[in-house]
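Read the structure below first, then the notes.
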Number of protein chains: 2
Amino acid sequence: MTVDIVILTMSEGRLHVLLIRRGEAPYQGMWAIPGGFKRPTETLDEAAKRELSEETGVDAASLLTQFGAYGDPGRDPRMNVVTIGYLAVLRDVGAIVAGTDAAAASLVPAADVLNGSLDLAFDHSWIVRDAIERVRAELEVTGIATAFVGSTFTLAELRAVYEAIWGVQLDAANFRRSVVPEGDWVIPTGRRSRPGPSGGRPAELYRAGRAWQAGGPIHRQPRAGQKEPATS
Amino acid sequence: MTVDIVILTMSEGRLHVLLIRRGEAPYQGMWAIPGGFKRPTETLDEAAKRELSEETGVDAASLLTQFGAYGDPGRDPRMNVVTIGYLAVLRDVGAIVAGTDAAAASLVPAADVLNGSLDLAFDHSWIVRDAIERVRAELEVTGIATAFVGSTFTLAELRAVYEAIWGVQLDAANFRRSVVPEGDWVIPTGRRSRPGPSGGRPAELYRAGRAWQAGGPIHRQPRAGQKEPATS
DNA sequence: CTCGGTTCTTGTCGACAGGACCCTAACCAT
DNA sequence: ATGGTTAGGGTCCTGTCGACAAGAACCGAG
């Protein structure tokens, strides 16, 4: 009985996953997601939190959600081990320190795992795929997007999270209307951000309301940039 | 490592769950959901299918979906066991035969478990609750409703599934429009049903198209019977 | 055989939400 | 001041969803 944790974060506008390089056999030297054995005295959630902290130095607090179990025979060459997949979303990964079992720990773009150009130890590629699929779905119905950004953020930053994970372009004006008036979804702080190096009007700063909870109606927009008024 | 299976079916217009009465300690004589230990040579899905068949004689075929893992210390008084929860939806449970470990097997209304008037062995009450919550969610996005009805069915029967699980009233006309033209969601057979004892026009018979797969846009209707045109 | 009663099916209408697009507001650099 | 850039607000259109009315197809009773 192990738990494995998929840690997702935004970096340079793209979705990244936190991986460790295995320091022991099997799959020594390969990339894998952090995880380890559950102790009999702890719950699954506690085990996930502890393993994450031990192997990467990251504290995911209350953002760990379970998303699947994996128990195919042969998934671990040593013995038949069932693992529970956990998903964690972080705004700022902070200091990443490789733990005792890991030779290294770093962020890699999620796309590299999704398209198969980087394959992981065990069945971890599958687990990462499932985790990202879960985030995509949860983004539509929960406020998990606020977990990717800082404690205060602009709507442009929040919109970038949706765009990166869904791979679509969202209209800034419509996005605002979808997210702002909807309950206490995001809360304006009254303060304003400093404009970026390219100038522009400063944006209102928001903080997360009832984050990662139910509610929140952001829907995908099919595409931007077409408008066919049939002008023959 | 065990698997536990929540089998849901419709009976007398209400949602029912298949339970067994435990024949052994612990919790001897209490109601529980079927399940058992996974063997090292089989996958989790195979284990769920096998245990279901062994303990109840039910063949759930391909309708088993995993929905959660439970591993709190103390959930089993004998030892620390993690269990994987599976959900199965059946149209007709067919012959229910109590297996070797079970003293009896029968269907009980899901409401009895939900409202706490019947509590189950281990943490099975929680597991059943989670399974039903999963079905409610999956009903909105997958065609799992067709798994509750027979191989051919009328739209009224299918609508009754939604109404029973969500506890709402759906407009028959709008329900039709939501489900019929949507791809090959349900397929008309051309045949018609015999009207019930209370008469009425015979309904078209349908069969499931791409059941329990993605797609399918049924949304909840808040309530029936109000229409406030503000007639002062 | 006609007449209600019941149920299925089609039609219509209004409310609302979502997407596309335009315009103004506020900042910076030159 | 002027242009470039981004934030925020407004408008129009269209598709969807809920409510409801009306027609179609069966039954049983008188």
- Separation of atom CD in E204(B) from atom P in dT10(C), rounded to whole Å: 9 Å
- Rounded to the nearest angstrom, tell me the gap between atom CG in N174(A) and atom C1' in dC12(D). 12 Å
- L170(A) atom CG is separated from dG19(C) atom C1', nearest whole Å, by 11 Å
- Item | F153(A) CZ - dT6(D) P separation (whole Å) | 20 Å
- Query: Where each residue is assigned the nucleotide of DNA chain C containing its nearest heavy atom, which of T154(B) and R177(B) is assigned the position nearer the 5′ end?
  - Reply: T154(B)
- Query: Is E54(B) salt-bridged to R50(B), going by a charged N under 4.0 Å from an acidic O?
  - Reply: yes
- Message: I'd like to know if the side chain of N115(B) pairs up with that of S117(B) as donor and acceptor (distance under 3.5 Å, no hydrogens or angles considered).
- Response: yes
- Message: I'd like to know whether the aromatic ring centres of Y162(A) and F175(A) sit less than 6.0 Å apart in this structure.
- Response: yes
- Minimum-distance nucleotide to A173(A) side chain [options: dA25(D), dG8(D), dG9(D)]: dG9(D)
- Query: Rounded to the Å, how far apart are F175(A) CZ and dG18(C) P?
  - Reply: 13 Å
- Message: Heavy atoms from C-beta onward define the side chain here; which of dC21(C), dT9(C), dC8(C) lies closest to that of R159(B)?
- Response: dC8(C)
- Return the value, rounded to whole Å, for the distance between atom CH2 of W166(B) and atom P of dG18(D). 10 Å
Show me the donor-acceptor pairs within less than 3.5 Å that the side chains of residues 10-18 of chain B make with the rest of the protein, sequence neighbours left out.
residue: H16(B); atom: ND1; partner: S11(B); partner atom: O; Å: 3.4
residue: H16(B); atom: ND1; partner: R14(B); partner atom: O; Å: 3.0

- Task: Provide, to the nearest angstrom, the distance between the CZ atom belonging to R176(B) and the P atom belonging to dT12(C).
- Result: 16 Å
- Query: Within the structure shown, what part of the strands sits under 4.0 Å from A156(A) by heavy-atom distance: base, sugar-phosphate, or nothing?
  - Reply: sugar-phosphate
- Ignoring hydrogens and angles, are the base of dC8(C) and the side chain of R201(B) linked by a donor-acceptor pair under 3.5 Å? yes
- Message: How many whole angstroms separate atom CG of D171(A) from atom C1' of dT14(D)?
- Response: 16 Å
- Task: Keeping the roles fixed (side chain from T152(A), backbone from R207(A)), state whether a donor-acceptor pair exists under 3.5 Å.
- Result: no
- With respect to the side chain of P202(B), which nucleotide from dG8(D), dT9(C), dC26(D) is positioned closest? dC26(D)
